[in-house]
Asks: 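Below is a structure I'd like to ask you about.
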Amino acid sequence: MSQQVRCPVAATLELVGDRWTLLIVRDLLRGRRRFNELRESVEGIPPAVLAARLRTLEGAGVVERRAYQDRPARFEYRLTPKGHALGVVVGALADWGQRYAEADLALVDRECGHGLSVVYHCPTCERQAPRRRVRFAGRGEHPLPSGGAGATLPG
């Protein structure tokens, strides 16, 4: 009997593949933490959907909820290291969007001001890997890279 192969793209989309989740992560990366800040910055999200997505992300260990006021109870949301690792996903979407979609914003380096692009990088060899050298490999073929802190977006 063959074992079903679980694609990492499909597994990730199960968590973040809806219309709103990566926009919430984008704004958490940009420093928004409170529910009302997120509601105002995530374009058009209904409050019930925002609350549901934050609960899902909390349950998956992507965000943590912290109280900042007791009466009435108010919370802020912060990305965990697992959540910060989604920064490269948001960055890749931003990179693609600024190239091929009509977008008004671009990713830039805070120090030099130049535009950025997302690239594949081998942390073992410390070199970039062009897309033509990239392939999916099964767990038995090659050790998987360890999770990193990910990228952040300029605020």
Asks: Do the non-hydrogen side-chain atoms of H121 and E126 ever get within less than 4.5 Å of each other?
Replies: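 Yes, at least one pair of side-chain atoms sits under 4.5 Å.
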
Asks: Can you tell if the side chain of L23 reaches within under 4.5 Å of the side chain of R26, non-hydrogen atoms only?
Replies: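 Yes. Closest side-chain heavy atoms under 4.5 Å.
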
Asks: Give the minimum heavy-atom separation between I45 and R39, together with the two atoms involved.
Replies: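 Distance-wise, the nearest heavy atoms are CG2-O, 4.2 Å.
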
Asks: I'd like to check L38 versus L54 (side-chain heavy atoms, cut-off strictly below 4.5 Å). Are they in contact?
Replies: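 Result yes, sub-4.5 Å side-chain heavy-atom pair found.
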
Asks: Would you kindly confirm whether V89 and V118 end up in one hydrophobic cluster when ILVMFWY residues are joined by side chain heavy atoms under 4.5 Å apart?
Replies: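 V89 does not cluster with V118.
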
Asks: Less than 4.0 Å between a side-chain N and a carboxylate O, is that true for E37 and R74?
Replies: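 Salt bridge flag = no for E37 with R74.
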
Asks: Drop me the distance from L15's CG to R53's CZ, to the nearest 0.5 angstrom.
Replies: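 Reported to 0.5 Å precision, the distance equals 10.5 Å.
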
Asks: Identify the two heavy atoms, one from Y77 and one from L28, that lie closest to each other, and give their separation to 0.1 Å.
Replies: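 Taking every non-hydrogen atom into account, O-CD2, 3.4 Å.
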
Asks: Minimum heavy-atom separation for S41 to R32, with atom names?
Replies: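 Here S41 and R32 meet closest at CB-NE, 3.7 Å.
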
Asks: Ignoring hydrogens, what is the shortest heavy-atom contact between T80 and G61? Give both atom names and the distance.
Replies: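 Taking T80 first and G61 second, the nearest heavy atoms are OG1-O, 2.6 Å.
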
Asks: Report the distance from atom CZ of R127 to atom OH of Y120, rounding to the nearest 0.5 Å.
Replies: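 Output value for this atom pair is 15.5 Å.
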
Asks: Side-chain contact test, heavy atoms from C-beta onward, threshold under 4.5 Å: evaluate it for Y68 versus R34 and give yes or no.
Replies: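 A side-chain contact under 4.5 Å exists here.
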
Asks: Hey, is CG on D109 packed in by over 12 heavy atoms from elsewhere, all under 6.0 Å?
Replies: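 Yes, CG of D109 has more than 12 neighbouring heavy atoms, counting only those of other groups under 6.0 Å.
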
Asks: With a 6.0 Å cut-off (strictly less than), is the heavy-atom count around CD of E43, excluding the residue itself, greater than 12?
Replies: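 Counting other residues, nucleotides and ligands, CD of E43 exceeds 12 neighbours.
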
Asks: What pair of heavy atoms forms the shortest contact from R99 to D95, and how long is it?
Replies: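 Minimum heavy-atom separation between R99 and D95: NE-OD1, 2.8 Å.
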
Asks: Do side-chain atoms of Q69 reach the backbone of P72 as a donor and acceptor pair under 3.5 angstrom?
Replies: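 Side chain of Q69 to backbone of P72: a pair is present.
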
Asks: How long is the straight-line distance from CZ of R110 back to CG of L116, given to the nearest 0.5 Å?
Replies: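 Result: 11.0 Å between the selected atoms.
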
Asks: What's the shortest heavy-atom distance between G87 and L29, and which atoms?
Replies: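 Minimum heavy-atom separation between G87 and L29: CA-CD1, 3.6 Å.
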
Asks: Return the CG to CZ distance between L50 and R55, rounded to the nearest 0.5 Å.
Replies: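 The CG atom of L50 sits 9.5 Å away from the CZ atom of R55.
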
Asks: Does a sphere of radius 6.0 Å around CZ in R19 hold more than 12 heavy atoms from other residues, nucleotides or ligands, not counting ones at 6.0 Å or beyond?
Replies: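 Count not over threshold, so no.
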
